[in-house]
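Just so we're clear, the structure is a prediction, and the values are computed from it rather than from any experiment. Atoms within a ligand are numbered from 1 in the order they appear, just like the ligands themselves.
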Amino acid sequence: MVRFLRMCRRCLGFQKRSAYVDNYFFKANMIAGIYMSVLIIILELWMIIRTTHKIAVEDLYSQLGYYFSNYYIYYIVLLTTGVGMLTFSLLFVTGRTNNKFIGNMIKWTFAFVSIVFGIMVSVNDYSHGEQILTFLTMELFIICLLVWRPWVGFLILTISYLIYLYGLGDLVGGINDIVPVNVAYKAVIEGNEAVAGITTATKINLFTMWLSSMLFCISNYNKTLVQAEKDENLEKMNRHLSQISVRDDLTGIHNMLYFRQESDNFLRHSGSDNKNFIFLFFDIENFKSYNETYGFHKGNELLVTTANMIVDAFKGSLVSRYSDDHFVVLTDSKDSEEIAAKLSEEIRKIEGEVKLDIKCGAYKPADGEYDPSLACDRARFACNSIKKHFDCNYRLYDHALEDKFTLKQYILNNIDEAIQKDYIKVYYQPVVSTENSCIVGLEALARWHDPNYGLMPPGQFIETLEEYRQIHKLDKCIIRQVCRDYRNAADKNLPFVPVSLNFSRLDFELCDIVQFLDEMVAEYSVPKAFLDIEITESALVDRQDLLTNAIIRLRSTGYKVWLDDFGSGYSSLNVLKDYQFDVLKIDMKFLSGFTENQKTRPILKNIVGLTKQLEMVSLSEGVETKEQFEFLRSIGCNRAQGYLFSRPVPIEELRTRIADGELTMDKEYMIGA
Ligand code: C2E
Ligand code: CA
Ligand code: CA
């Protein structure tokens with residue numbers, strides 16, 4: 001029932017309308033006003049010309065007053081309101097005025113004058129025995145072309161019809177007041193008694209017209225209403241979309257899309273002021289550990305707090321969230337270094353187990369340089385260069401960084417070509433048994449032989465490839481080469497020992513590396529026991545399903561999985577608790593302080609003991625002296641790797657050294673021969 005009433009209220013136009021819908025109606029009416037007023041103006045001009053012509057030809061002097069009071073005055077009034085309506089509507093649609101009050105006044109005047117004109121002319125025509133079309137035409141114009149709330153339409157229609165009927169009736173009632181009237185006239189001719197008023201047939205016709213106009217009014221209103229509401233929703237949606245497209249979901253500050261657009265604008269339109277602008281890149285130090293320690297929710301809170309802190313510190317500048325815990329600023333402030341120091345001070349005040357800090361890299365764009373992406377990249381590069389430098393929290397991008405940055409760009413631009421042209425080579429570093437010093441395994445390590453840069457060790461390119469998510473390309477290339485080396489050796493009946501491959505945490509995200517490994521193994525007919533996988537401890541700090549599953553998958557398929565760089569991070573023991581490994585590779589930092597630091601020995605002894613307990617093989621990397629090797633043997637460490645035995649070398653060199661008797665492969669571990 002309530003719904004029905006609500007529907008009726010809506011249908012009849014009694015409901016409250018939003019400002020948008022109101023405007024929509026107003027606009028619709030102003031556009032309709034143009035058509036109508038043009039029509040009216042043409043009609044009235046035509047009537048004026050016609051009447052003038054008639055007067056001029058027939059009775060110029062005698063009837064001028066009569067014609068003026070009976071015709072001209074209506075035409076002129078209607079013409080004037082028509083011109084008024086047209087002028088206002090045109091001003092409105094061309095955006096020159098938006099005054100709704102005046103617009104509505106004009107609309108109402110126009111409607112009123114049109115209807116009054118219709119009534120006058122039709123009553124007059126009727127009295128001459130002519131048709132009553134003018135009134136009906138005007139009604140149709142006003143009710144059907146303009147959009148009214150149905151209840152308003154009802155009032156206009158009904159009142160004007162009643163006045164009109166009254167006019168006709170009055171005329172008939174006061175028969176012969178002016179001139180003979182249609183019905184009365186006919187009645188007289190036919191010898192009947194004159195009927196006061198109009199015939200029932202005319203009344204029925206008029207009622208039918210009234211009803212059709214009313215129904216049209218309702219339908220027109222509702223159609224326009226639905227359209228207006230649809231438009232309003234679309235507009236709202238659009239506004240919402242454009243809002244979210246420039247805002248960062250989490251922090252509510254601007255996102256990079258906005259930053260790129262606006263900074264580009266700034267730089268292009270700042271002219272010589274360009275020199276004063278500086279790009280800043282902020283990175284929260286230890287955010288990852290904070291997230292792990294306090295959880296995702298707290299991590300998000302920290303991001304919001306930091307975002308607000310940066311926005312406050314750089315009022316009036318462009319501030320956006322770059323990604324994760326990174327923010328960028330474009331500012332003309334000359335105090336950016338001081339502000340960055342204050343921000344760092346503030347963030348360090350946040351109490352807790354994890355020591356937070358914020359690092360800032362800065363880049364001043366050169367004259368005429370408009371590329372915000374490159375500028376952010378350089379500021380970011382400067383920022384990364386001071387990561388883990390506890391005494392430094394601000395770094396300006398300078399010439400010293402420029403060379404490194406150029407190398408980074410070079411690596412990213414050339415990695416595909418380097419792979420394609422075989423510039424990437426596998427070097428093998430032996431792993432020996434502490435029992436007999438024979439080779440029981442080889443670690444595959446990447447080298448880039450570049451025509452411009454010469455021989456590049458992985459330290460120069462791995463980090464960049466990881467940062468820009470290209471590392472899987474390199475790792476796939478190494479897998480393929482190792483499998484190919486195996487096949488070549490097997491085809492020549494040369495012996496080989498298992499090779500361990502370094503996998504990046506990102507390999508599991510960027511591609512299905514396990515499947516790729518399987519494909520290569522199948523393509524080159526490699527026994528699975530030939531390949532081991534090294535996963536560095538730092539990859540495993542945050543427990544991820546992706547990695548857990550991958551490790552389980554690798555082990556169940558027949559590959560051995562090694563934990564690389566054990567002891568290099570904070571959560572080494574957690575990693576041992578959460579995952580199962582075959583070999584534990586003790587980070588070389590334990591051996592680097594071997595002679596000076598007396599604590600090293602008991603620590604190493606304990607790690608080796610723990611490894612045994614957990615039924616894993618222990619391997620120490622970075623063995624450089626005989627003394628170290630002897631110690632490792634004495635504490636029961638199973639394997640050793642380091643410069644003492646060999647640096648990483650190409651396969652041919654390794655084979656020459658084996659052939660020379662310098663190195664020996666352990667028969668027990670040999671595969672393929
Ligand atoms: P890592 O896996 O810890 O590899 C051991 C690194 O220590 C190698 O450096 C090796 O040359 C070096 N090394 C070996 N013995 C000694 C020693 O006695 N003393 C000293 N000071 N260093 C020694 P490299 O080849 O420069 O590799 C550096 C890192 O690059 C590797 O560390 C590994 O994390 C990464 N890496 C190398 N190749 C690849 C690869 O194909 N894929 C991926 N994802 N990472 C790779
Ligand atoms: Ca390794
Ligand atoms: Ca290592």
**OP:** Look up atom 13 (N) of ligand 1 and tell me if a protein heavy atom lies less than 4.0 Å from it?
**Re:** yes
Subject >> Salt bridge K585-E443, side-chain N to carboxylate O under 4.0 Å >> reply: yes
**OP:** Look at D587 and state whether any of its N, O or S atoms is less than 3.0 Å from the Ca ion (ligand 3).
**Re:** no
**OP:** Check ligand 1 against D564 and write out every atom of the ligand that is under 4.0 Å from a heavy-atom position of the residue.
**Re:** 2 (O)
**OP:** Could you tell me whether R633 and E630 have a side-chain N and a carboxylate O separated by less than 4.0 Å?
**Re:** yes
Original post:
Which heavy atom of the protein is the closest neighbour of atom 30 (O) of ligand 1, given with residue, atom name and distance?
Top reply: P458 CB, 3.5 Å
**OP:** Indicate yes or no for a side-chain donor-acceptor contact from N414 to the backbone of E417 under 3.5 Å, with no hydrogens or angles considered.
**Re:** no
Original post:
Below 6.0 angstrom between ring centroids: does that apply to W448 and F461?
Top reply: yes
**OP:** Going by heavy-atom distance to atom 25 (O) of ligand 1, choose the closest among Q641, Q429, R447, E463.
**Re:** R447
Original post:
Taking the six-membered ring of F496, is the NZ or CZ of R655 close enough (under 6.0 Å from the centre) and on axis enough (within 45°)?
Top reply: yes
Original post:
Starting from atom 16 (C) of ligand 1, which protein heavy atom do you reach first, and at what distance in Å?
Top reply: Y643 CE2, 3.2 Å
Subject >> P648: numbered ligand 1 atoms lying under 4.0 Å from its heavy atoms >> reply: 11 (O)
**OP:** Tell me, please, if N502 has any N/O/S atom, main chain or side chain, under 3.0 Å from the Ca ion (ligand 2)?
**Re:** yes
Original post:
Do we get R447 above Y427's six-membered ring, with its NZ or CZ under 6.0 Å from the centre and within 45° of the axis?
Top reply: yes
**OP:** Establish, from distance only, whether the side-chain atoms of K408 and Y468 form a donor-acceptor pair under 3.5 Å.
**Re:** yes
**OP:** Write the atom name of the N, O or S atom in E534 that is nearest the Ca ion (ligand 2).
**Re:** OE1
Subject >> Protein heavy atom at shortest distance from atom 42 (N) of ligand 1 >> reply: D475 OD1, 2.6 Å
**OP:** Identify the protein heavy atom lying closest to atom 7 (O) of ligand 1, giving its residue, its atom name and the separation to 0.1 Å.
**Re:** M588 CE, 2.9 Å
Subject >> Closest to atom 3 (O) of ligand 1 among D565, T536, V623 (heavy-atom distance) >> reply: D565
Subject >> Protein non-hydrogen atom below 4.0 angstrom of atom 27 (O) of ligand 1 present >> reply: yes
Original post:
Out of K476, K421, K473, which residue meets the salt bridge (Lys or Arg N to Asp or Glu O under 4.0 Å) rule with D416?
Top reply: K473
Original post:
In the protein, what heavy atom is nearest to atom 19 (N) of ligand 1, and what distance, to one decimal place, separates them?
Top reply: E624 OE2, 2.5 Å
Original post:
Is atom 9 (O) of ligand 1 in close reach of the protein, with a heavy atom under 4.0 Å away?
Top reply: no
Original post:
Hey, does E443 sit under 4.0 Å from ligand 1 if you only count heavy atoms?
Top reply: yes
Original post:
Is the NZ or CZ atom of R647 both under 6.0 Å from the centre of the six-membered ring of Y643 and within 45° of that ring's axis?
Top reply: yes
Original post:
Which angle, to 10 degrees, forms at the Ca ion (ligand 3) with OE1 of E621 on one side and OD1 of D564 on the other?
Top reply: 100°
Original post:
Counting each atom of ligand 1 from 1 as listed, which ones have a heavy atom of G642 under 4.0 Å away?
Top reply: 15 (N), 18 (O)
Original post:
ligand 1 versus I478, non-hydrogen atoms closer than 4.0 Å: side chain, backbone, both, neither?
Top reply: side chain
Original post:
Can you find a side-chain donor-acceptor pair between D283 and Y322 that sits under 3.5 Å?
Top reply: no
Original post:
Among all protein non-hydrogen atoms, which one is nearest to atom 32 (O) of ligand 1, and what is the separation to 0.1 Å?
Top reply: L445 CD2, 4.9 Å
Original post:
atom 36 (N) of ligand 1: which protein heavy atom is closest, and how many Å away?
Top reply: I462 CD1, 3.9 Å
Original post:
Of the protein's non-hydrogen atoms, which lies at the shortest distance from atom 34 (O) of ligand 1, and what is that distance?
Top reply: N502 OD1, 4.6 Å
Original post:
Is it true that R553 and D512 make a salt bridge, defined as a side-chain N closer than 4.0 Å to a carboxylate O?
Top reply: yes
Original post:
What N/O/S atom of E443 is the closest to the Ca ion (ligand 2)?
Top reply: OE2
Original post:
Does R505 come within less than 4.0 Å of E509, counting only side-chain N to carboxylate O?
Top reply: yes
Subject >> Expected output: side-chain E467 to main-chain T464 donor-acceptor under 3.5 Å >> reply: no
Original post:
Which is it for R647 and ligand 1 at heavy atoms under 4.0 Å: side chain, backbone, both or neither?
Top reply: neither
Subject >> Aromatic Y258 / basic R247 pairing, under 6.0 angstrom, 45° off normal >> reply: no
Original post:
Can you check whether A446 has an N/O within less than 3.5 Å of an N/O in ligand 1?
Top reply: yes
Original post:
N/O/S atom of D565 under 3.0 Å from the Ca ion (ligand 3), yes or no?
Top reply: yes
**OP:** Would you confirm whether the ring centroid of H326 sits within less than 6.0 angstrom of the ring centroid of F282?
**Re:** no
